[in-house]
Amino acid sequence: MDRITCMQVFTVVVKEKGFSAAARKLGISKVQVSNYIAQLETELGVRLLNRTTRQVSLTTTGFAYLEPCNNLLEGFNNLHHSVKELHQTPQGQLKITAPSTFAEIHLTPVLTIFKEKYPEVQIDLQLNDRYVDLIDEGYDLAIRIGKPQDSSLIAKPIGTIHSYLCASPDYLKQHSEIKTLSDLHNHQLIADTNYRSGKVWQFRHKEDGQCQSVEVNAGLNINSAQAVRALVLNGQGISLCPDFAVKSHIETGAIKHLLPEWQAPTMEISAIYPSRQHVSAKVRLFIDEFSSYYQAQTKL
């Protein structure tokens, strides 16, 4: 039995003073109205309404039941509207997980913009480079680099990330010249273990499309793009670095982009969330804000 519906029909019958009027008000048949009242009375084990051919009136029990029934329905409606408003209005906690270095560079500026627009949202941003289970760990949103792995989650593409073979000018002065990818075997290599390709760097030639792989026997293996960048800047070796970590340093000359004719595969960056249905306003608006910001930055 749909108890809430039965209670609603009961209050309308009382207000409209009859089954026929209540049926017209509710847009259902008189038989349906009668069935709802009968179900409610059977459930309660009491008669709520006196019925005659000309009128319907409350029994003593029905009169006692009416006020708390109205109060319960009002509370239910208030709860329904408040939850709906909470969902449609950006407010409450927004729990996000994102890769450390990328978030420090590209996500933290978005937080400032978003908080200025939507001050009622409390953001909990957790930075880490491990895989996070959104459902089990209670996250609303994840920013991830690489092809989405969990098909049960929704992924909205944000953009792409390029990777550059990098070294500092000081390192290059002190070591043999690098003319081909094969020359890398004679150099100190630093591996960012966040790359899913593992100990293999893959490249494609810009002009002829030739593919070539480099097996990486790295003296340093680190799961942080920021730490890898710091080591490259300090002249500790050559690494394959994501553009968000080294682009500004390449532009200033602090880091050199090696063998630019060879391109590493691009990586997708996506906003991941649990369900396409009933996406809350805070999640939807944050994704839109982040997407607009990132696309504007990558066009510069």
Begin with the C-alpha distance, continue with both residues' side-chain angles, and end with the deciding distance and a verdict on side chain to side chain contact (heavy atoms under 4.5 Å, CB included) for Phe19 and Ile37.
CA-CA 10 Å; Phe19 282 50; Ile37 298 301; 4.2 Å; yes
For the pair Gln122 and Asp124, evaluate side-chain hydrogen bond (donor to acceptor under 3.5 Å, both in side chains) and give the outcome as yes or no after the intermediate values.
CA-CA 7 Å; Gln122 294 84 47; Asp124 180 357; over 6 Å; no
So Gln212 and Ser182, side chain to side chain contact (heavy atoms under 4.5 Å, CB included) or not? Walk me through it.
CA-CA 9 Å; Gln212 189 170 334; Ser182 298; 3.8 Å; yes
Begin from the C-alpha positions of Phe286 and Val110 and carry the test side chain to side chain contact (heavy atoms under 4.5 Å, CB included) through to its verdict.
CA-CA 8 Å; Phe286 190 89; Val110 178; 4.1 Å; yes
Take Gln8 and Tyr36, measure what side chain to side chain contact (heavy atoms under 4.5 Å, CB included) needs, and give me the verdict at the end.
CA-CA 9 Å; Gln8 290 172 331; Tyr36 281 125; over 6 Å; no
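A continuous path of Ile, Leu, Val, Met, Phe, Trp and Tyr side chains, each step under 4.5 Å between heavy atoms, connects Val283 with Leu125, placing both in one hydrophobic cluster.
Crowding of Lys115 atom NZ: a count of heavy atoms from other residues, nucleotides or ligands under 6.0 Å exceeding 12. By the neighbour-count criterion of 12 heavy atoms within 6.0 Å, atom CD of Glu261 is densely surrounded, having more than that number from other residues, nucleotides or ligands. Counting heavy-atom neighbours within 6.0 Å of Arg204 CZ, excluding the residue itself, gives a total of 12 or less.
Note: His187 and His175 have tilted aromatic rings, judged against thresholds of 30 and 60 degrees for the angle between ring planes. Using cut-offs of 30° and 60° for the angle between ring planes, the His162 and Tyr164 rings count as parallel.
Side-chain atoms of Glu215 and Asn217 form no donor-acceptor pair, as typed in the model, at a separation below 3.5 Å.
With values rounded to the nearest 0.5 angstrom, Leu153 atom CG is found 11.0 Å from Leu141 atom CG. Distance check: Lys199 NZ to Thr193 OG1 gives 10.0 Å after rounding to the nearest 0.5 Å.
Using a 4.0 Å cut-off between charged nitrogen and carboxylate oxygen, Lys156 and Asp288 count as a salt-bridge pair. The residues Arg24 and Glu16 are annotated as not salt-bridged, no charged nitrogen and carboxylate oxygen being separated by less than 4.0 angstrom. Between Arg51 and Glu41 there is a salt bridge, since at least one side-chain N of the basic residue sits less than 4.0 Å from a carboxylate O of the acidic one.
Taking the six-membered ring for Trp and the full ring otherwise, the centers of Tyr294 and Phe102 sit less than 6.0 Å from each other.
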